[in-house]
Every structure is written in C-alpha cells, then in structure tokens.
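Okay, so here's the structure we're looking at.
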Amino acid sequence: MKVSDVFPDEFLNITGSDFELYKHQIDAIERLKNNENVIVSVPTASGKSLIGYYAIYKAFLAGKKSMYIVPLRSLAMEKYEELLNLRSLNMRITISIGDYDSPPSFIKNNDVIVVTSERADSMIHHDPDIINDFGAIIADEIHIINDEDRGPRLETVLSSIRVINPDALILGLSATISNVNELAQWLNASTVVSNFRAVPLELGIIYKKRLITDSYERYLGQPDELSLIKDIINDGGQALVFRNSRKNAEKYAEMLIQHLPEFNDFNNDGMPESLVKMIRHGIAYHHAGLSNEDRRNIEEMFKNGYIKVISATPTLAAGVNLPARLVIIRDITRYSNGYSRPISNIEIQQMLGRAGRPKYDKMGYGYIYAASPASYDAAKKALSGEPEPVISKMDSQRLMRFNILALISSGMASRMEDLILFYNETLMAIQKDVDDYYIESALYFLKENGFIDGDVTYNATRLGRLTSDLYIDPETALILKSALDHDYDEKLYLYYICRTPDMINIPAGTREYEYIEDFLEDINVFDFSEESLSAAKTAMVLLGWINEMPMQKITDTYNIGPGDVQQKASSADWISYSLYRLSSVYKKEMESKLFHLNIRIKEGIKPDLIDLIKIPKVGRVRARRLYDNGFKTVDDIARSSPENIEKIFGFSKNLAAEIVNSAMKISSMYYRSQ
DNA sequence: CGTGTCGTGTTGCGGCTCACGGAGC
DNA sequence: CCGCAACACGACACG
C-alpha cells in the first residue's frame with residue numbers, strides 16, 4: 001500500500017513522494033477505515049503523523065471536524081504548523097491554547113483544531129454539544145494519562161467523548177507502554193503495536209571508559225564519552241546529553257567547551273553571557289530556567305546545525321521534535337521528594353527516541369552512562385526493561401471535585417446516577433475500584449462550600465459556574481474568596497495568589513528562611529510552614545516583577561532563572577485574573593484595583609504604565625522609556641507625532657510611526673465609546 | 001602595624017525536572 | 001550519599 005492508495009494526489013505534495021507505507025501504518029489505517037478506534041504504540045519517529053493525517057482526512061470527507069490533542073503548548077504550535085500543510089486539501093486549520101486568543105466562533109469555521117488537553121477539557125465544559133461536530137479525535141502522547149496532575153485532564157476529555165459522541169473516531173498515539181490492551185479496552189479500540197524505527201538505533205552503555213553494546217565493546221580512550229561526542233561532531237553529526245538537574249546540565253556544557261574549539265563568532269545581547277560563550281564552541285545548555293526566547297533560539301540553532309551539542313534537562317525529551325544522531329543519558333536517577341529515584345523507563349525511552357534524524361542519519365546511537373557497578377546494572381535494565389503501565393490518576397479528591405463541578409456546571413450531569421455513569425466510562429473504572437463514596441464526598445465538599453445546590457438534582461451556583469469557567473480548582477476559588485476579606489495590599493494579595501493549589505511555587509532554601517519570614521511577618525501571616533514559605537518566596541519574586549525590578553536583579557536575588565520568573569508570572573496572571581472576576585461577584589469595590597493588579601502581573605509593570613501598555617508593541621521596557629520622556633498616557637502619544645517619539649532611545653522611525661498610529665486608534669475608540 | 005584582598009582547605013548541611021488554565025450582562 | 005557553599009585562616013601587598 002502506497003501513499004496514493006490512501007490519500008488524494010494533492011497530498012503527495014506534503015509527503016514529497018509516493019512511498020510504500022510501513023506495516024504498522026497500514027494496519028492502523030485499515031482499522032480506521034473500518035471505523036474502529038485505534039491505539040498505536042510505537043517508538044517516536046516512526047511515522048505516527050501519517051496515521052493522524054488519515055484520521056483527519058477521513059473525518060473531513062465525512063464533513064466532520066477533527067481535534068488534535070497534545071500535552072504541551074510548544075507541541076501544539078509545532079503540530080499546528082505542520083498541519084497547515086493540509087490547507088492544500090482545502091482544510092481549514094486552527095489552534096487553541098491558553099495564551100492564544102481565539103474568538104468564540106473559531107471552531108465553527110475550521111476543520112481541524114489543535115489543542116492542549118486542558119483546552120479540550122475546558123472547551124467541552126463550556127459547550128458539551130461541540131463534540132458532536134467532531135468525526136475524529138487524535139490524542140497524541142496518550143500515555144500522559146499516567147501523569148499525576150495532568151493525566152486526568154486527558155482522561156476526562158476522552159471519557160466525555162465516549163459518553164457524548166461514541167461515533168467519533170478516536171486515535172490514540174502512544175509511546176511504548178506495557179498495558180496498551182487496557183487502554184484499548186477502555187476506548188473500545190484495537191491496537192497496533194510495533195518496535196519499528198525509521199532510523200535503526202544502536203543501544204549501549206558507557207562504563208569505565210568503555211562502550212558496551214549488544215554486539216561489541218570498545219575502549220573509548222578518553223575520559224568517559226568525550227571521544228564519542230568529538231567523533232560525532234567531526235563526522236558532521238550532533239549530540240544531545242540529558243542530565244538530571246539544571247546545574248548539572250550547565251556544568252556539563254561548561255566542561256565540554258574546555259575540549260572543543262570555537263566554531264563561530266556568535267553574539268546575542270539578551271542571552272546569559274556564559275551561554276553565548278558556549279554557543280561559540282557549538283555547545284549549549286537547555287532547561288526551563290532559560291527564558292522562552294532563549295530556549296527557542298537554541299532549539300532553532302540546533303536544528304540548523306549551528307549548535308552541535310545540547311546538554312539538557314528533560315524539557316527537551318518531551319518537547320518539540322529535536323533529534324540528534326547521538327543521545328547520551330548521563331544520569332539514570334533524579335532527586336525528587338527527598339530521594340534520589342530511578343528515572344522511569346518511559347522517560348528513558350523518550351530520551352533514547354531522540355537518537356537518529358530521519359532522512360539524515362543512517363543510524364542513531366543511544367547510550368547510557370554508568371559510573372558504578374550498581375548503575376551499570378541499572379542501565380542494563382533500563383535498556384532492556386519493560387516500560388511501565390499507564391495507570392489512571394483520576395482517583396484524587398482534588399481532581400474529582402474539580403471534575404464533578406465541571407460536569408454539573410456544564411449540564412453533563414445533575415444527579416448522582418449521571419456521575420456514576422460518567423465515571424464508568426473512565427479508564428479508572430477499569431483499573432481501580434471506584435467507590436461511590438469518592439463521588440459523594442466530592443459532592444458534599446462542593447455543596448458545603450457553596451459551589452452547587454440542590455438535593456437529588458444538583459445545580460451549579462454562580463460561584464460554581466464561575467469557578468468552572470475560570471478552570472480553577474474549587475480550593476483556589478475558596479482561597480481567593482478569603483483574600484477578598486482583607487483590605488487591598490499588594491504583598492498580601494500576591495501571597496494569597498501563591499497559596500492557591502493552582503500555583504506551583506519556587507522552593508525556599510533554608511538559607512533564605514530569614515528574609516522570607518520577615519516578609520510573612522510584614523503581612524501579618526504567621527504560618528512558617530514549608531508551603532507558606534515557598535508561597536511567600538514566589539510572592540516576593542512577583543512583587544519584584546510588578547515593580548519593575550530588573551530581571552537580572554530578580555534572578556540574582558532569588559537564585560532562579562528568567563524562565564522561572566516568566567512561568568510564575570504567567571500562572572499568577574491567570575490566578576489574578578480569576579481573583580478579579582471573583583471580586584466582581586463578591587467585592588465590587590475592589591474590582592478595578594484587582595483588574596490593575598492583573599495587568600501589572602501580566603506585563604511586569606508599576607501602576608503608572610497601565611495606560612501605555614495598551615499600545616501594541618509596547619512592553620514594560622518601551623513603556624517605561626516613553627513615560628520617562630514625558631509620554632504618560634495613550635492620549636499623550638496620540639496627540640504627539642512620530643518625530644518626537646523617534647528621539648527616544650530605542651525607537652526606530654517605523655516603530656515610532658506605528659506606535660503613534662496605534663495610539664490614535666486606541667484613543668479615538670475611547671472617545672467614541674464615551 | 002593595620003587593613004583589605006585573594007586563595008586554600010575544611011566542614012556541615014542541603015540536595016529537586018517539567019508545566020496547563022481565562023470565552024457575558 | 002555527594003557536592004556545594006560558607007567560613008576560617010593565612011599569605012601577601014600596600015600605605
């Protein structure tokens with residue numbers, strides 16, 4: 001079976017040629033053709049995309065829409081860009097993820113929508129009927145159902161689809177897992193399992209300066225894996241090294257530049273200096289402490305060969321497609337919750353799966369480094385070991401409260417029976433005994449705290465609906481509500497925002513306790529528990545952020561990376577928006593203050609820039625410059641002329657013209673609405 | 001002789017990846 | 001457990 005046997009001719013422009021399909025692709029496509037749901041479990045880089053294309057195309061022919069669900073925003077962007085190819089078949093493609101504004105009607109006018117699990121979940125809660133428009137649902141990386149926090153979101157989405165529209169075709173794409181059959185049983189799907197890899201992979205262990213594979217052993221001559229990396233580079237290839245902590249990733253990159261010459265004369269003002277220096281040697285580190293911009297830059301430079309080696313934390317293994325000929329897993333354990341634990345096999349497979357670039361490399365190499373006899377045994381096990389099963393994590397009280405509120409608020413359920421029916425459709429029902437007691441106690445909590453009312457038939461209250469629409473944990477809503485009992489205070493409110501379970505806070509080191517405790521005393525909070533301290537530390541970071549403390553100073557003071565600040569600001573942005581919305585119900589007089597707080601957190605600005613920031617292309621830095629040069633409001637700028645703006649440092653002619661233009665539009669809109 | 005800076009060695013304690021979300025009067 | 005940060009102490013330069 002060839003591409004042209006399944007797809008129309010225009011499709012060949014996308015694939016480039018009319019090649020013979022792999023067996024697992026044919027198997028999966030045949031089943032989809034028969035209207036069977038399918039779970040495909042194959043290693044990365046083995047042509048899963050094509051199967052997805054088929055499901056989408058089939059739905060399209062039937063006049064139905066498709067939903068493509070991925071676990072990460074970066075993956076959503078990547079998939080979206082790839083699927084844009086389908087426009088040549090007259091399909092309309094769109095994307096909907098959290099930080100991307102899309103008009104409410106966006107789905108009506110499109111055929112394919114790429115979403116994160118959370119976005120899919122929230123869409124369904126908002127309007128369950130929407131599911132009936134879909135003919136195909138593709139769940140990429142479906143094994144994330146195993147993830148403690150985020151797995152249940154995808155599980156809920158797929159269960160809802162089973163309940164509302166069992167006719168929608170479900171295609172689950174999974175890494176290699178041990179219980180594909182259970183997933184298949186849950187989704188009433190058939191399975192396609194294969195070990196096929198488009199680029200063959202050689203596995204090995206680096207131990208005592210030797211490389212040991214199944215078929216041969218050889219002496220490496222140089223300390224550890226250094227010679228392997230040098231050889232790969234000299235041969236025009238690239239390498240990825242995975243480390244278990246940010247610090248280790250950086251240290252490793254630092255070590256590498258001692259041994260590798262300068263390849264280029266790279267320069268970049270925004271990047272940390274140490275990183276710029278490494279890039280000149282063709283080396284970079286990569287972890288979530290880097291700003292998003294720097295991370296994307298590094299990924300891009302790796303893709304086009306400018307960077308030869310990346311030393312990374314697991315961000316890279318789960319993220320966008322970034323293969324390299326050589327992958328070295330340097331650590332096989334990771335510190336978490338007080339212990340050093342072995343990294344899961346699924347994760348090991350995911351890292352090894354990055355070895356070998358399809359079309360460029362004849363062979364991929366995936367090696368694990370072992371320092372001791374014990375870790376040698378562990379490495380051996382990891383290479384041959386059975387991957388873990390995917391286990392539903394839905395049976396957590398917190399998630400059930402969240403979920404049951406959503407079901408009631410959306411109208412999908414209003415009685416105990418409805419809820420039982422829904423939970424019967426989950427993977428959890430197959431794997432665990434779901435005691436009705438779980439549901440009852442969640443209902444009790446929701447009723448007790450005013451999220452729902454009614455006795456046998458439940459309804460969401462105003463608070464309940466708002467909480468569900470905002471996509472926040474009910475506990476978060478309660479904490480935010482209790483914040484509203486206090487008079488407005490920047491520090492205190494930030495602290496409350498950070499105390500909600502939807503925030504993931506920056507851990508506080510013992511050495512920092514003193515100044516953090518001072519902060520807590522200052523806002524009259526006398527809870528010095530670990531959670532409170534880390535919430536306070538995060539609040540302090542945010543406090544710096546909204547008072548325009550320079551990024552460098554924030555990261556130095558709190559010993560974190562710019563990426564952490566961005567990430568905390570974005571979470572706090574979302575929670576503070578929720579706080580603002582809650583205030584419109586419970587404390588009207590606080591509304592505008594909290595609206596401003598939300599903007600300040602989103603943009604990282606002091607109150608005086610709130611007006612200027614409305615102008616497109618004006619961020620915290622430019623706004624401050626405009627302000628310091630006497631342009632304090634949008635109207636000031638609208639009344640001025642580009643010549644005056646140009647004089648300010650950092651404003652080009654074009655930019656100045658554009659800014660004045662936008663300012664005029666914004667302020668004229670303002671007058672019209674008066 | 002006092003002060004300040006740099007360098008070395010020892011001790012004691014803390015160590016830790018990633019990441020989604022907001023749609024009305 | 002291991003590695004890092006903090007600290008103590010000494011050498012040295014200089015006024």
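The figures here come from the full heavy-atom set of this structure, side chains too, leaving out hydrogens, waters and symmetry mates. Source: prediction; values computed, not measured.
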*Answer with base, sugar-phosphate or nothing: what part of the nucleic acid does A:Ser117 contact at a heavy-atom distance below 4.0 Å?*
nothing
*asked:* Is the phosphate of B:dT17 approached by A:Tyr285 (side-chain N or O, under 4.0 Å from OP1 or OP2)?
replied: no
*asked:* Under the salt bridge (Lys or Arg N to Asp or Glu O under 4.0 Å) test against A:Glu347, which residue among A:Arg341, A:Arg334, A:Arg354 passes?
replied: A:Arg334
*Is any side-chain N or O of A:Ser571 closer than 4.0 Å to OP1 or OP2 of B:dG21?*
no
*Compare the minimum distances between each of B:dT17, B:dC20, B:dA23 and the side chain of A:Met123, then state the nucleotide with the smallest one.*
B:dA23
_Tell me whether the side-chain N/O atoms of A:Arg334 come closer than 4.0 Å to OP1 or OP2 in B:dG15._
no
*When only distance counts, do a donor and an acceptor, one from the side chain of A:Asp121 and one from the base of B:dG21, lie under 3.5 Å apart?*
no
*If only side-chain N and O atoms of A:Arg246 are considered, is one of them under 4.0 Å from the OP1 or OP2 phosphate oxygen of B:dC18?*
yes
_Below the 4.0 Å mark, does B:dT17 have OP1 or OP2 next to a side-chain nitrogen or oxygen of A:Arg341?_
no
*If you check every side-chain atom of A:Thr510, which of B:dG14, B:dA23, B:dC18 has the closest atom?*
B:dG14
_At 4.0 Å (heavy atoms only), tell me whether A:Asp502 reaches a base, stays on the sugar-phosphate, or touches nothing._
base
_Using a 4.0 Å heavy-atom cut-off, does A:Tyr335 contact any base of the nucleic acid, only the sugar-phosphate backbone, or nothing at all?_
base
*Atom CZ of A:Phe519 with >12 non-hydrogen neighbours under 6.0 angstrom*: yes
*With the threshold set at 4.0 Å, does a side-chain nitrogen-carboxylate oxygen contact exist between A:Arg92 and A:Asp111?*
yes
_Under 3.5 Å for both pairing distances: what stems, at least three Watson-Crick or G-U pairs long, include DNA chain B?_
B:1-15 with C:1-15
*Under 4.0 Å between a side-chain N/O of A:Thr116 and OP1 or OP2 of B:dC20, yes or no?*
no
*Do the side-chain N or O atoms of A:Ser122 get closer than 4.0 angstrom to the phosphate oxygens (OP1, OP2) of B:dA23?*
no
_Taking side-chain contact (heavy atoms from CB on, under 4.5 Å) as the criterion, tell me which of A:Tyr252, A:Tyr369, A:Tyr285, A:Tyr367 meets it with A:Val241._
A:Tyr252
*Across the strands shown, which category fits A:Ser578 at heavy-atom distances under 4.0 angstrom: base, sugar-phosphate, nothing?*
nothing
*asked:* If I pick the C1' atom on C:dC2 and the same atom on B:dC16, what distance separates them, to the nearest angstrom?
replied: 15 Å
*For atom C1', what is the distance between C:dG3 and B:dC18, given to the nearest Å?*
24 Å
*Which part of the nucleic acid does A:Leu72 contact within heavy-atom distance under 4.0 Å: base, sugar-phosphate only, or nothing?*
sugar-phosphate
*Geometric cation-pi criterion, A:Arg581 with A:Phe595: 6.0 Å, 45°*: no
_Minimum-distance nucleotide to A:Thr315 side chain [options: B:dA19, B:dG21, B:dA23]_ = B:dA19
*Within a radius of less than 6.0 Å around CD of A:Glu293, do more than 12 heavy atoms belonging to other residues, nucleotides or ligands occur?*
no
Atom pairs, protein N/O to nucleotides 2-6 of chain C N/O, distance under 3.5 Å:
residue : atom : partner  : partner atom : Å
C:dC4   : OP1  : A:Lys251 : NZ           : 2.6

_For A:Arg398, give me all partners under side-chain hydrogen bond (donor to acceptor under 3.5 Å, both in side chains), at least two apart in sequence or on another chain._
A:Asp473
